[in-house]
Amino acid sequence: PLDFLPKKVNNIIEFVQLANNKISEETMFEIYDQYGNIVKKGFAKQVDVSNLQKGVYYIIYDGKSGEFVKK
């Protein structure tokens, strides 16, 4: 299953196959702020979030959703 790391991030989020030695994999993604505004979207193995403000964000990827904290 595809997941993203880390959950508390400074600069880069990476999409990885946890069951396959954490190999990076490209996927479609959308990132939303706490108000539901889309702040980033695309298709990539990694996402640069260094320009986002500190706080909680929600991410939709590979048909799943998750949450991360921008430090």
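Note: Glu14 CD to Glu25 CD = 11.5 Å, rounded to the nearest 0.5 Å. The structure places CD of Gln34 at 7.5 Å from OH of Tyr57, a figure rounded to the nearest 0.5 Å.
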Asp3/Asp62 under side chain to side chain contact (heavy atoms under 4.5 Å, CB included): CA gap, chis, key distance, verdict: CA-CA 9 Å; Asp3 201 357; Asp62 196 44; over 6 Å; no

Side chain to side chain contact (heavy atoms under 4.5 Å, CB included) evaluation trace for Val16 with Leu2: CA-CA 6 Å; Val16 294; Leu2 197 63; 5.6 Å; no

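Under a hydrophobic clustering in which Ile, Leu, Val, Met, Phe, Trp and Tyr are joined whenever their side-chain heavy atoms come within less than 4.5 Å, directly or via other members, Ile60 and Ile31 fall into different clusters. Both Val39 and Ile59 belong to a common hydrophobic cluster when Ile, Leu, Val, Met, Phe, Trp and Tyr are linked at side-chain heavy-atom distances under 4.5 angstrom.
Aromatic ring orientation, Phe4 versus Tyr61: perpendicular (interplanar angle above 60°, classes split at 30° and 60°).
Side-chain contact between Gln17 and Ser24 is absent, with no heavy atoms from C-beta onward closer than 4.5 Å.
For the pair Lys40 (side chain) and Asp48 (backbone), a donor-acceptor distance under 3.5 Å is present.
Its side chain within the 4.5 Å cluster rule, Met28 clusters with Phe43 among the Ile, Leu, Val, Met, Phe, Trp and Tyr residues.
By the ring pair (Phe, Tyr, Trp, His ring centres under 6.0 Å) test, Tyr32 pairs with no residue at all, sequence neighbours left out. In this structure Asn11 satisfies the side-chain contact (heavy atoms from CB on, under 4.5 Å) test together with Ser50, sequence neighbours excluded.
Minimum heavy-atom separation, Pro6 to Ile12: CD-O, 3.5 Å. Across all their heavy atoms, Asp33 and Tyr58 have their closest contact at O-CD1, 3.8 Å. Residues Lys7 and Glu67 share a closest heavy-atom pair of CD-O, 4.3 Å. Across all non-hydrogen atoms, the minimal contact from Lys70 to Leu52 is CE-O, 3.5 Å.
Within a 6.0 Å radius of NZ in Lys41, no more than 12 heavy atoms belonging to other residues, nucleotides or ligands are found.
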